[in-house]
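Taking it in order: structure first as structure tokens, then the write-up.
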Amino acid sequence: MIFQDQILQGIPSTLPARKSPDPSFSHAPKRKDILSPEEKKLALRNALRYFPKAWHEELAKEFFEELQQYGRIYMYRFMPDYEMRARTISDYPAKCQQAAAIMLMIQNNLDPAVAQHPQELITYGGNGAVFQNWAQYLLTMKYLAEMTEEQTLHMYSGHPMGLFPSSKDAPRIVVTNGMMIPNYSKPDDWEKYNALGVTQYGQMTAGSYMYIGPQGIVHGTTITVMNAFRKKLGPAINPKGKVFLTAGLGGMSGAQPKAGNIAGCITVCAEVNPKAAHKRHEQGWVDELITDLDNLVLRVRQAQQNEEVVSIAFLGNVVDVWEKFDQENITIELGSDQTSLHNPWAGGYYPVSLDFEEANEMMAKEPEKFKTKVQESLRRHAAAVNRHAAKGTYFFDYGNAFLLEASRAGADVMAANGIDFKYPSYVQDILGPMCFDYGFGPFRWVCTSGKPEDLAKTDQIAAEVLKQIKTSAPSEIQQQLQDNITWIEEAGKNKLVVGSQARILYADAEGRIEIAKAFNAAIQSGEISAPIVLGRDHHDVSGTDSPFRETSNIYDGSKFTADMAIHNVIGDSFRGATWVSIHNGGGVGWGEVINGGFGLLLDGSKEANCRLQSMLFYDVNNGISRRAWARNDKALFAIRREMERTPGLKVTLPEMVDEEVLNDLGFGK
């Protein structure tokens, strides 16, 4: 079998024929030419060390061409000949099931139906990489095929450092991505050290093998949009015929139109990359494509008048849409942005004054001029948002660093105190107080059989578990539970699967544990035909320290610390995780965030039952504890409730200080 034989081979024994990138795929933009001549020699030495010396002369010329043409050495020659997709777990040549599950998840991340730039090994976000090059992929898959239950593979930013003896209770993989010395975490540091082949940007779930396509963010966006409309309109008003304007259809942002449809509004989502827009339309994630601004205005007016639920992709720049809707007095109830502004100078945000191809050329050939254009565009973008906000639009930052980069560009986005932004992060206003503080976050799973009927069974089990929990849950979390019951009952109808048979919902520790226990029992009994991989988005209660997103509603000054994410990864690793990962930069930018994730295989065994209870409990409650220590009242409620239920849990709680005590010291006088 070609597939299995090639995996077992790793780096091939004979030099394969040269390959070129397939033009039918979306490809990463050319990266900045940032290396000196000596550094380019070093990049070539670093790339050639994967291969026999006899190949070096030929490969050196080829890799140098790649470095010059693309700004990176991807090693296209070594792309596998087999189809890249998640297979059934039993199809993988592995000595242990945990390793086979990881192989499945890696291939799902690189499936062209899932990945943004699959031949550059980038899953989403413009630079969220699974590996830096194809040699790393080949070696990693070979190591996983050879791995026993008493070995651990250590991954250094895509590079498989090797298999090390460990134990059955240890993680099978430990992943780090982009863990730079702090003074080397500026955007140009990523450009330089990634070009050298020594680090990579793993995003959140790309470099930790837990991406499940846009479905992962559909749910979070649905919950966010639903609650944003509740804040804007009141809980009793239906959002039909109301407009949600945003941008981005590439990776995670591609989920926005589908989420808008589920939430029940008119979604207008601008996208400058035609391939990305057409891909989402073909996949059924967006209903209509429009290329002309005047036609867009007519279509939106019609949808408003008829109170439609519809999603529209505009092939063009979102700044033009904001400005046109202002001129035409189109009412926008909700506004946001999900372009990859964590990566503003290398394809994450396209300036309004250039078309897609012009922008790609300028960012490679004239990077400083391109940066100027981006910042000009951000100032226009923010000014248009401000005009709509003055008319009543509720605008929120979707954690993509829009407000951060707009402020750095000199846009009018600062609050009167000169410290805060005038618009909230969606975590500050919505997900933080309404979900994360209570422990609700993005719990996900993948059916390794690849069978839709197994996924349908898990949907049924999860719904039953949540309904049972809701019967005795306190009033504070009834809405969260009901939103997720509605979600999971409708999930199959919404055709959310892209790539693997995967699902996501928001649950707290109790919900995650009870759902996982029920899955494990169903696997043991044969109701579910193969193991299940559990995971989560790093965008969660505990997994991420991100001052402008996940931890933006923490106000004790600690939101710029990263202890929580580090503790989560360490704590999960000895409580039963199958693999753990820790990244610099996922979601909001290199140097701006530290985030961690995990994968956990359920195989129906008693051991899996023990692991899931220990690990999932800590994974959630570590974050609630940190939020409670920051004096978040809803987190204090949640952790006190958990301590009452769990005798072994003892968490340090804050004493509240009366404002008068501090005012008596003369503050504010």
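Counting heavy atoms of neighbouring residues, nucleotides and ligands inside a 6.0 Å radius, atom NZ of Lys30 exceeds 12 of them. No more than 12 heavy atoms of other residues, nucleotides or ligands sit less than 6.0 Å from atom NZ of Lys495. Environment of NZ in Lys369: sparse, with no more than 12 heavy atoms of neighbouring residues, nucleotides or ligands closer than 6.0 Å.
Salt bridge absent: Arg280 and Glu271 never bring a charged side-chain N and a carboxylate O closer than 4.0 Å. Between Arg408 and Glu592 there is a salt bridge, since a side-chain N of the basic residue sits under 4.0 Å from a carboxylate O of the acidic one. Using a 4.0 Å cut-off between charged nitrogen and carboxylate oxygen, Arg72 and Glu191 count as a salt-bridge pair. Taking the charged nitrogens against the carboxylate oxygens, Lys493 and Glu490 do have a contact shorter than 4.0 Å, which makes a salt bridge. Under 4.0 Å is where a charged nitrogen must lie from a carboxylate oxygen, and between Asp540 and Arg536 at least one such pair does. The existence of a salt bridge linking Asp111 and Arg87 is excluded, since no basic side-chain nitrogen approaches an acidic carboxylate oxygen closer than 4.0 Å. Ion pairing between Lys324 and Glu328 holds under the 4.0 Å rule for side-chain N and carboxylate O. Salt-bridge check for Lys365 with Asp33: failed, with every basic side-chain N at 4.0 Å or more from each acidic carboxylate O. Look at Glu308 and Lys240 and you find no salt bridge, because none of the NZ, NE, NH1 or NH2 atoms lies under 4.0 Å from a carboxylate O. Using a cut-off of 4.0 Å between Lys/Arg side-chain N and Asp/Glu carboxylate O, Lys391 and Asp326 are scored as salt-bridged.
Taking the six-membered ring for Trp and the full ring otherwise, the centers of His381 and Tyr350 sit at least 6.0 Å from each other. The aromatic ring centroids of Phe440 and Tyr438 lie 6.0 Å or more from each other. Remark: aromatic rings of Phe396 and Phe402 are distant, center separation not under 6.0 Å. Aromatic rings of Phe370 and Tyr349 (six-membered ring for Trp) have centroids beyond the 6.0 Å cut-off, not under it. Proximity of the aromatic rings of Tyr506 and Phe443 is defined here by a centroid distance below 6.0 angstrom, and this criterion is not met.
The distance from the CD atom of Glu120 to the CZ atom of Phe25 is 10.0 Å, given to the nearest 0.5 Å. For the atom pair OG of Ser20 and CD of Gln119, the computed distance is 9.5 Å after rounding to the nearest 0.5 Å. In this structure, OG1 in Thr544 is found 8.5 Å from CZ in Phe436, a value given to the nearest 0.5 Å. Distance check, rounded to the nearest 0.5 Å: CG of Asp483 to CZ of Arg230 gives 4.5 Å. With values rounded to the nearest 0.5 angstrom, Met363 atom CE is found 11.0 Å from Glu361 atom CD. Of the inter-residue distances, the one linking Ser581 atom OG with Met210 atom CE reads 8.5 Å to the nearest 0.5 angstrom.
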Subject >> side-chain contact (heavy atoms from CB on, under 4.5 Å) between Asn494 and Val218, worked out >> reply: CA-CA 11 Å; Asn494 287 318; Val218 168; over 6 Å; no
Original post:
Could you go step by step and tell me if Val498 and Gln215 meet the side-chain contact (heavy atoms from CB on, under 4.5 Å) rule?
Top reply: CA-CA 8 Å; Val498 176; Gln215 179 187 174; over 6 Å; no
**OP:** Might you work through the side chain to side chain donor-acceptor pair (under 3.5 Å) test for Thr246 and Tyr398, ending with a clear yes or no?
**Re:** CA-CA 10 Å; Thr246 185; Tyr398 212 142; over 6 Å; no
Subject >> Steps toward side-chain contact (heavy atoms from CB on, under 4.5 Å) verdict (Phe244, Ser336) >> reply: CA-CA 8 Å; Phe244 169 44; Ser336 193; 4.1 Å; yes
Original post:
Which is it for Asn595 and Asp545 under the side-chain contact (heavy atoms from CB on, under 4.5 Å) test, yes or no, and what are the steps along the way?
Top reply: CA-CA 6 Å; Asn595 60 87; Asp545 283 298; over 6 Å; no
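Side-chain N/O atoms of His538 and Thr205 include no donor and acceptor closer than 3.5 Å. Side chains of Ser311 and Asp287: a donor on one and an acceptor on the other come within 3.5 Å. Residues Gln107 and Tyr137 have side chains that bring a donor and an acceptor to within less than 3.5 angstrom of each other. In this structure, a donor-acceptor pair under 3.5 Å is present between the side chains of Gln200 and Asn177. Thr222 and Trp487 share no donor-acceptor pair across their side chains, judged by distance under 3.5 Å alone. Checking His117 against Asn127 by side-chain atom types alone, no donor-acceptor pair falls below 3.5 Å. Side-chain atoms of Glu550 and His539 include a donor-acceptor pair closer than 3.5 Å. Side-chain contact check for Arg85 and Asn108: no donor-acceptor pair (N or O, by modelled atom type) lies under 3.5 Å. With 3.5 Å as the limit, one finds a donor-acceptor pair spanning the side chains of Gln482 and Thr486.
Of the possible polar contacts, one joining the Thr393 side chain to the His388 backbone as a donor-acceptor pair under 3.5 Å is found. At distances below 3.5 Å, not a single donor-acceptor pair connects side-chain atoms of Asn133 with backbone N or O atoms of Met75. At distances below 3.5 Å, not a single donor-acceptor pair connects side-chain atoms of Ser340 with backbone N or O atoms of Gly126. A distance-only check finds no donor-acceptor pair linking the side chain of Gln256 to the backbone of Leu249 [under 3.5 Å]. With hydrogens and angles ignored, the 3.5 Å screen pairs a side-chain donor or acceptor of Asn484 with a backbone N or O of Gln480. Remark: side-chain polar atoms of Asn317 are paired, donor with acceptor, to backbone N or O of Val319 under 3.5 angstrom. With hydrogens and angles ignored, the 3.5 Å screen pairs a side-chain donor or acceptor of Asn109 with a backbone N or O of Tyr211.
The shortest distance between side-chain heavy atoms of Arg444 and Asp537 falls below 4.5 Å. The side-chain heavy atoms of Leu293 and Phe314, taken from C-beta on, include a pair separated by under 4.5 Å. Contact of the Ile290 side chain with the Arg299 side chain is registered, since non-hydrogen atoms from C-beta on lie closer than 4.5 Å. Residues Trp445 and Ile212 are not in side-chain contact: their nearest non-hydrogen atoms beyond the backbone lie 4.5 Å or more apart. Using a 4.5 Å cut-off on side-chain heavy atoms (C-beta onward), Pro433 and Asn553 make contact. Within the 4.5 Å cutoff, the side chain of Lys457 has heavy atoms near those of the Gln460 side chain. Counting only heavy atoms from C-beta outward, the side chains of Tyr426 and Asp397 never approach each other to under 4.5 Å. In this structure the side chain of Val321 reaches within 4.5 angstrom of the side chain of Leu296, judged on heavy atoms.
The side chain to side chain contact (heavy atoms under 4.5 Å, CB included) check on Thr291 picks up Leu315, with sequence neighbours excluded. In terms of the side chain to side chain contact (heavy atoms under 4.5 Å, CB included) criterion, residue partners of Asn386 (sequence neighbours excluded) are, by chain and number, Asp412, Lys422, Tyr423. Trp345 is linked by a ring-ring contact (aromatic ring centres under 6.0 Å, His included) to nothing, counting only residues two or more places apart in sequence or in another chain.
Of all the heavy atoms in Leu289 and Ala277, the pair that sits closest is CD2-O, 4.0 Å. Contact record, Tyr124 with Met204: OH-N, 3.0 Å, taken as the closest heavy-atom pair.
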